[in-house]
Amino acid sequence: MRIVVCIKEVSSRESRYEVASDEAWINEANISFEINECDEYALEEGLKLKEHFGGEVVVLSVGDPRAEKVMRKALAMGADRGILIADERRQLTSPHLLGKVMSSALKDEEFDLVLTGTQSDDLSYAQTAVVLAELLSIPHATIIMKIEAEPEAKRLRALREMESGRFQWLELPLPALLSIQAGSSPVRYASLKGIMQARKKEIRTLKPEELGVEATAVPELEVVRLYQKKEERKAELLEGETGAIVEQLVEKLQKEAKVL
Amino acid sequence: MKELIYVLVDHNGENINPTSLETLVLGQELAEKTGRRLHALLLGCNVRNLAEQLAGYEVDSVIYTDNALLEDYTFESQCEALSQILKTETPALLLMAHSYQNIDMAPRLSARLGKALVTDCVDFKLSEGELVFVRKMFRAKLYADVRVRSEPPWLVTLQAGSRFADALVKGSAKVIDRQVDLSSVEIKRVTGETVDFAKDRVDLSQAETIVAVGRGIKKQENMDLIRDLADVVNAEIGASRPVVDNDWLSRDRQIGSSGQTVSPRLYLAIGISGAIQHVVGMKSSQCIVAINSDRNAPIFNVATYGILGDLQEIVPALTKKLREIL
Ligand SMILES: Cc1cc2nc3c(=O)[nH]c(=O)nc-3n(C[C@H](O)[C@H](O)[C@H](O)COP(=O)(O)OP(=O)(O)OC[C@H]3O[C@@H](n4cnc5c(N)ncnc54)[C@H](O)[C@@H]3O)c2cc1C
Ligand SMILES: Nc1ncnc2c1ncn2[C@@H]1O[C@H](COP(=O)(O)O)[C@@H](O)[C@H]1O
């Protein structure tokens, strides 16, 4: 099977966010970056399918040229090669523009399956995957926890998560696109050998212009202002010395909230 | 035509999705503030009854489509039906609930029509005639005002709990039957059986006290801290999703949109950040205590009391104190 896995570089979980002076993005100065959480699960699913059926795993990413680093990690985990769409203008920030460059980059890749995450941890649009499927004219399924592929029969079954702890099996013809839910199955670590090999693997860099998006193209969604809402905090915050705050809390639970 | 607002109302054939009613509230607000006219839209098979129900709210009309191909949800027929309707009627806005179903369908519709989709909104702002949508980004730690740069219709999904369905204004609307032609739709994705893990699970919905643990616990060996605390207050143990994904607790203890919904008297959220998918499952608890080392964790926006600190230190101290007095 030839499998494409879309991975996005996002600010890491531990980040303390600070809004940049243009108010439209975060200040990236003290931020570290990682693979978007569910994309790592998508990669794991892709690698398992390759181990089982043979073939190739190609990772595709759109972002700052810095994203090469997370792509190397994906290559170290076992992906075969990478395609990086370098967005130096930070223009490719909306699902339609992303879908456009990603679908053109995949035009000549004869893939059987595209895997993505369900949602990015920075923009959190939860739509890029499905937009991409439409632009590629292939069926899709979202929030997938398990895949049973039958590449010879050109189809697969996928277990979709639903509300309230229910799941549903879906059957799709290949090629198809699946968005993978975090936690589907444990993600592997890169081995030392993997890390060594990754250095030699190919990452092809493409520019938006080569993929039909000119500098003048306007994203359909634009973040005009990013902000914190401090006044939103509802909790009465107890901080300080552990003994004292525990004491305070217990008293409040007994006397104010009357729940103990 | 650009003066219309449509609200797509989801249902399961019998009942209307509560988040869709919240979305209708948003529709009523937007209609009032922008002077536009509001219409509810129902897709399904034999949904006239549901349409009549909706006609009891203040909307201009309830438009419903009965079609055998819309009886069970498929993204293919939903998308085609909505494309046909939006191409002829071109409302300014199509509002939808941010439900699992719409998030499977709406991005396709958006890409097919070349019209923007703003997902998971919690609010809107209107200033000097410009409408922007408010949504959370960056792990719900930042808010963003998002402007749409494409032509109408704009597609918008609303996060559950962003409005109160009780605020719906009553009225009496006409019901309109609107046909669509789905004869060219090809269904490629086939729906198979549903698996329900809920059958023989631990039922947390009746628990008086829940000690819920999140990824902040870091490793399985630390789970004893949680068990000790739960023992002292006689609580059930619940968890956020990553804890269950890591197999530190069984899946049936997951709380949230894809887990259980609970409303105990006391809910202790320990090392849980407060993602919306978790919060929808526990926000109606009577008293919520959050223990978290990050001052900006969104859980503090729903908690009654917050303890800012390291759970490794706080939890044993709290257990000890409670053991003394209970
Ligand atoms: C479709 C969908 C459905 C989902 N359904 C659910 C669901 O049903 N239930 C659910 O829970 N999630 C669900 N999620 C996942 C959800 O989006 C979050 O990823 C998840 O809730 C995060 O869990 P967490 O808060 O435990 O982890 P994190 O977000 O990683 O938070 C860990 C927290 O622990 C704190 N912490 C770390 N160390 C310490 C310490 N030493 N002391 C104190 N605090 C500490 C951190 O500050 C942080 O706030 C769903 C997601 C999707 C996309
Ligand atoms: N810039 C990007 N590069 C690669 N994949 C992306 C990018 N943006 C989004 N995706 C994929 O689309 C999924 C959903 O993203 P989003 O619509 O932003 O929530 C992610 O989990 C990724 O798999």
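Below, chain A is the first sequence line, B the second, and so on; all start at residue 1.
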> I'd like to verify something: which residue of A:Gln254, A:Gln228, A:Glu232 has the highest number of heavy-atom pairs under 4.5 Å with chain B?
A:Glu232
> Assess whether atom NZ of A:Lys146 is packed by more than 12 heavy atoms of other residues, nucleotides or ligands within 6.0 Å.
no
> Shorter than 4.5 Å, heavy atoms on both sides: which option in B:Asp145, B:Asp245, B:Thr194 has the most such pairs with chain A?
B:Asp145
> Check each atom of A:Val259 against the heavy atoms of chain B and say whether the ones under 4.5 Å are side chain, backbone, both or neither.
both
> When you compare the side chains of B:Ser285 and B:Ser263, does any donor N or O come within less than 3.5 Å of an acceptor on the partner?
no
> Return yes if a side-chain donor-acceptor contact under 3.5 Å exists between A:Glu45 and A:Ser185, otherwise no.
yes
> Once rounded to the nearest 0.5 Å, what's the spacing between atom CG of A:Leu106 and atom CG of A:Leu136?
6.0 Å
> Tell me yes or no: between the side chains of B:Ser257 and B:His278, is some donor less than 3.5 Å from an acceptor?
no
> Please state whether the side chain, the backbone, both or neither of A:Ile138 comes within less than 4.5 Å of a heavy atom of chain B.
backbone
> Shortest non-hydrogen contact from A:Val223 to B:Ala144?
CG1-CB, 4.0 Å
> Under a 3.5 Å distance rule, please check whether A:Glu150 uses its side chain to pair with a backbone N or O of A:Ala153 as donor and acceptor.
no
> Just so I understand: if I count every heavy-atom pair under 4.5 Å between each of B:Glu76, B:Lys125, B:Gln101, B:His98 and chain A, which residue has the most?
B:Lys125
> Please identify, among B:Met137, B:Gln277, B:Lys188, B:Arg139, the residue contributing the most non-hydrogen atom pairs under 4.5 Å to chain A.
B:Arg139
> Can you confirm whether the side chains of B:Arg215 and B:Ser240 place a donor and an acceptor under 3.5 Å from each other?
no
> For residues B:Asn102 and B:Thr157, is any side-chain donor paired with an opposing acceptor at under 3.5 Å?
no
> Using non-hydrogen atoms only, which part of B:Leu322 is less than 4.5 Å away from chain A: side chain, backbone, both, or neither?
side chain
> By a 4.5 Å heavy-atom criterion (distance strictly below it), what part of A:Gln181 contacts chain B: side chain, backbone, both, or neither?
side chain
> Quick one: closest heavy-atom pair of A:Ser124 and B:Arg135, and the distance?
O-NH2, 2.7 Å
> With respect to chain A, which residue among B:Lys136, B:Lys141, B:Arg241 yields the maximal number of heavy-atom pairs within a distance under 4.5 Å?
B:Arg241
> When you measure from the side chain of A:Glu34 to the backbone of A:Arg13, do you find a donor-acceptor pair of N or O atoms at a distance under 3.5 Å?
yes
> So which of A:Met162, A:Arg155, A:Arg157 has the biggest tally of heavy-atom pairs under 4.5 Å with chain B?
A:Met162
> Please flag which part of B:Ser99 lies under 4.5 Å from any non-hydrogen atom of chain A: side chain, backbone, both or neither.
both
> Tell me, side chain or backbone of B:Val146 under 4.5 Å from chain A's heavy atoms, or both, or neither?
both
> Would the A:Trp25 and A:Tyr17 ring centres measure less than 6.0 Å apart?
no
> Which atoms of B:Gln254 come close to chain A, meaning under 4.5 Å heavy atom to heavy atom: side chain ones, backbone ones, both, or neither?
neither
> Please look at B:Ile291 and chain A and tell me whether the side chain, the backbone, both or neither of the residue comes under 4.5 angstrom of a heavy atom of that chain.
neither
> Which region of B:Val244, side chain (C-beta onward) or backbone (N, CA, C, O), has a non-hydrogen atom less than 4.5 Å from a non-hydrogen atom of chain A, or is it both or neither?
neither
> What part of A:Ala141 is in contact with chain B, defined as an atom under 4.5 angstrom from a non-hydrogen atom: side chain, backbone, both or neither?
both
> Name the region of A:Gln248, side chain, backbone, both or neither, that has any atom closer than 4.5 Å to a heavy atom of chain B.
neither
> With a 4.5 angstrom heavy-atom cut-off, could you sort out which part of A:Leu249 is near chain B: side chain, backbone, both or neither?
side chain
> Below 4.5 Å, heavy-atom pairs only: which of B:Thr261, B:Ile307, B:Asn296, B:Val148 has the largest tally toward chain A?
B:Ile307
> Can you establish whether the number of heavy atoms outside A:Asn30 located under 6.0 Å from its atom CG is more than 12?
no
> What distance separates A:Arg225 CZ from B:Leu142 CG, expressed to the nearest 0.5 Å?
11.0 Å
> If you count heavy-atom pairs under 4.5 Å between each of A:Gln127, A:Glu134, A:His96 and chain B, which one has the most?
A:Glu134
> Do you know the tightest heavy-atom contact between B:Pro316 and B:Leu311?
CD-O, 3.6 Å
> For the pair A:Lys255 (side chain) and A:Lys252 (backbone), establish whether a donor and an acceptor sit closer than 3.5 Å, ignoring hydrogens and angles.
no
> Answer with side chain, backbone, both or neither: which region of A:Pro95 has an atom nearer than 4.5 Å to a non-hydrogen atom of chain B?
neither
> Which of these passes side chain to side chain donor-acceptor pair (under 3.5 Å) with A:Lys8: A:Asp121, A:Asp122, A:Asp39, A:Asn36?
A:Asp122
> Salt bridge (charged side-chain N to carboxylate O under 4.0 Å, His left out): which pairs involve residues 303-326 of chain B, sequence neighbours left out?
A:Glu247-B:Lys321
> Output the option from A:Ala182, A:Ala176, A:Pro186 having the highest count of non-hydrogen pairs under 4.5 Å with chain B.
A:Ala182
> Where the side chain of A:Ser11 meets the backbone of A:Ser15, is there a donor-acceptor pair that is under 3.5 Å apart?
no
> Can you say whether B:Phe133 sits under 4.5 Å from chain A via the side chain, the backbone, both, or neither, judging by heavy atoms?
neither
> Picking from A:Leu135, A:Thr142, A:Thr118, A:Leu170, which has the most non-hydrogen pairs under 4.5 angstrom with chain B?
A:Leu170
> Give, as side chain, backbone, both or neither, the part of A:Lys100 having an atom under 4.5 angstrom from any heavy atom of chain B.
neither
> Side chains of B:Arg189 and B:Thr74: is there a donor and an acceptor less than 3.5 Å apart?
no
> Name the region of A:Val218, side chain, backbone, both or neither, that has any atom closer than 4.5 Å to a heavy atom of chain B.
side chain
> For the interface with chain A, which of B:Val190, B:Val289, B:Asp120 has the highest count of heavy-atom pairs at distances below 4.5 Å?
B:Val190
> Quick one: which residues of residues 264-276 of chain B reach chain A at under 4.5 angstrom, heavy atoms only?
B:Arg265, B:Leu266
> Between B:Tyr73 and B:Asp104, is there a side-chain donor-acceptor contact under 3.5 Å, judged purely by atom types and distance?
yes
> Given the options A:Val250, A:Leu260, A:Thr128, A:Leu123, which has more heavy-atom pairs under 4.5 Å with chain B than any of the others?
A:Leu123
> If I measure from the heavy atoms of chain A, does B:Arg295 come under 4.5 Å with its side chain, its backbone, both, or neither?
both
> Chain A heavy atoms under 4.5 Å from B:Asp294: which part of the residue, side chain, backbone, both or neither?
both
> Please flag which part of A:Ile143 lies under 4.5 Å from any non-hydrogen atom of chain B: side chain, backbone, both or neither.
side chain
